[in-house]
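A short worksheet on the structure shown next.
Counting from 1, the numbers follow the sequence of the chain as shown. Since the model is a prediction, treat every value here as computed from it, not as a measurement.
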Amino acid sequence: MTRQGFYIASLVIITFASVLFMFPLMVTFTNSFMSEQEILLHYRTDLSLFDIVDGVYSRFISFRLIPRDFSLFQYRTVLIDRPLFLMLLVNSIRITAPVTIGNMVVSLLTAYGFTCWRCKRKEILFFVYIVVMLMPLQAVLVPNFIVADWLGLSRSHWAIIWPGIFAPFGTFLLRQSMKGIPNECYEAAQIDGAAGIKVFFYIVVPQMKSGITALAMLVFIEYWNVVEQAVIFIRDFNMEPLSVFLSRIADGRVGLIFAASSVYMLLPFVWLLAGQEHLEKGIELSGIK
């Protein structure tokens with residue numbers, strides 16, 4: 001195969017994969033503008049009990065991408081007629097915002113310490129620090145619940161926020177990026193009389209913008225979609241994040257699912273779209289494959 005043929009084949013495969021992955025999002029967004037009757041007309045099974053007995057499985061679900069009758073009724077129902085949706089959306093922001101900001105601050109300071117701290121055994125200590133990152137979430141939920149219950153936080157958002165702030169992934173990501181800063185920068189700053197705190201703010205932070213943005217985006221997406229921790233720690237229905245309640249919001253009305261899901265994914269989508277360049281550069285500088 002020639003180089004041009006290989007390029008065309010790769011482009012076709014990438015395009016097909018992109019359409020395949022984007023298809024559920026396109027269906028969700030376009031169907032959110034359909035009326036309830038149109039959605040029920042298309043999202044129904046054509047099989048009856050007699051068809052199953054006869055072995056007829058030719059057609060299961062019919063759907064369409066373009067609405068026949070454009071309608072904002074589903075959005076009005078979700079955003080106006082159901083104020084609980086907005087309240088739970090605020091709960092998601094209350095969890096995600098402190099975790100994102102706090103994790104950036106803690107990860108920056110910890111990564112800077114592991115990078116500039118002169119100690120023979122700091123690599124061993126760093127390995128111990130990130131061991132938690134290698135463990136599945138289910139393995140640390142029980143210890144987190146015990147500690148949160150001991151501190152009296154087991155039924156509040158803080159039971160999710162505090163472990164998220166001190167999650168070790170951010171330290172690992174930013175430390176890998178800090179290793180790319182030349183030692184000459186630190187030496188020049190020390191020669192000019194800059195102390196450790198000035199080196200941190202005037203040398204390290206400005207060169208870590210892409211890494212910090214990448215970390216903020218990854219942490220935001222992870223805790224915007226939090227489910228397991230919310231199910232374990234949150235007992236009050238009114239304190240649930242929207243990610244938990246989204247599966248129950250339809251309440252027998254299929255059309256609401258599309259509108260609610262579109263609103264729910266709008267903020268992460270805009271956030272990722274605005275910082276895509278920094279996300280790619282930050283992951284590239286960190287050396288994570």
Pairs under 3.5 angstrom only: tabulate donor-acceptor contacts from the side chains of residues 144-155 to other protein residues two or more places apart or in another chain.
from : atom 1 : to   : atom 2 : distance (Å)
N144 : ND2    : V140 : O      : 3.2
D149 : OD1    : S154 : OG     : 3.4

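In this structure, V231 is not a member of the same hydrophobic cluster as W162, with clusters built from ILVMFWY side-chain heavy atoms closer than 4.5 Å. No continuous path of ILVMFWY side-chain contacts below 4.5 Å connects L256 to V244, so the two sit in separate hydrophobic clusters. The hydrophobic clustering, which links ILVMFWY residues whose side-chain heavy atoms are closer than 4.5 Å, places L86 and Y75 together. Hydrophobic clustering (ILVMFWY, side-chain heavy atoms < 4.5 Å, transitive): V90 and I95 are in distinct clusters. L141 and M135 fall within a single hydrophobic cluster, where Ile, Leu, Val, Met, Phe, Trp and Tyr side chains are chained together by heavy-atom contacts under 4.5 Å.
You'll find the side chain of S32 stays beyond 4.5 Å of the side chain of Q74, heavy atoms only. Taking the side chain as every heavy atom from C-beta outward, F220 and L267 approach each other to under 4.5 Å.
Other residues, nucleotides and ligands contribute more than 12 heavy atoms inside 6.0 Å of the CZ atom of F237.
Put simply, CD1 on I93 and CG on L242 are 9.5 Å apart, with the number rounded to the nearest 0.5 Å. Atom OG in S177 sits 15.0 Å away from atom NZ in K209 (nearest 0.5 Å). Atom CE of M87 sits about 13.0 Å away from atom CZ of R82, to the nearest 0.5 Å. Here the straight-line distance linking atom CG of L108 with atom CG of L215 works out to 8.0 Å at 0.5 Å rounding. Atoms CD1 and CG, on I221 and L272 in that order, are 4.0 Å from each other to the nearest 0.5 Å. Considering CD1 of I161 and CD1 of I101, their distance stands at 10.5 Å, rounded to 0.5 Å.
M104 and A216 make their closest contact through SD-CB, 3.5 Å (heavy atoms, listed as atom of the first residue, atom of the second, distance). Residues N103 and G164 share a closest heavy-atom pair of ND2-O, 2.9 Å. Taking all atoms of both residues into account, the shortest heavy-atom contact from A139 to P143 is O-CD, 3.5 Å. Between F126 and R175 the shortest heavy-atom distance is CD2-NH1, 3.3 Å. S107 and A167 make their closest contact through OG-O, 4.4 Å (heavy atoms, listed as atom of the first residue, atom of the second, distance). Between S156 and I234 the shortest heavy-atom distance is O-CD1, 3.6 Å.
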*Go through R76 and F73 one step at a time and tell me if the side chain to side chain contact (heavy atoms under 4.5 Å, CB included) criterion holds.*
CA-CA 5 Å; R76 191 190 71 180; F73 176 76; 3.1 Å; yes

*Please report the C-alpha distance between V219 and V99 in whole Å, then the side-chain angles of each, then the deciding distance to 0.1 Å, and finally whether the side chain to side chain contact (heavy atoms under 4.5 Å, CB included) criterion is met.*
CA-CA 8 Å; V219 173; V99 171; 3.7 Å; yes

*Do N91 and R94 pass the side chain to side chain contact (heavy atoms under 4.5 Å, CB included) test, and can you show the C-alpha distance, the side-chain angles, and the key distance before you say yes or no?*
CA-CA 5 Å; N91 287 341; R94 286 177 177 174; 3.9 Å; yes

*Which is it for L218 and F169 under the side chain to side chain contact (heavy atoms under 4.5 Å, CB included) test, yes or no, and what are the steps along the way?*
CA-CA 10 Å; L218 293 174; F169 173 74; 3.9 Å; yes

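Pairs passing the side-chain hydrogen bond (donor to acceptor under 3.5 Å, both in side chains) check and including a residue from residues 217-239, sequence neighbours excluded, read N225-Y264.
Taking the six-membered ring where the residue is Trp, Y129 and F114 present tilted rings, their angle falling between 30° and 60°. Between F70 and F33, the ring planes are parallel. Angles under 30° get that label, and only those over 60° would be called perpendicular.
A donor-acceptor distance shorter than 3.5 angstrom exists from the side chain of S243 to the backbone of V226, with no hydrogens or angles considered.
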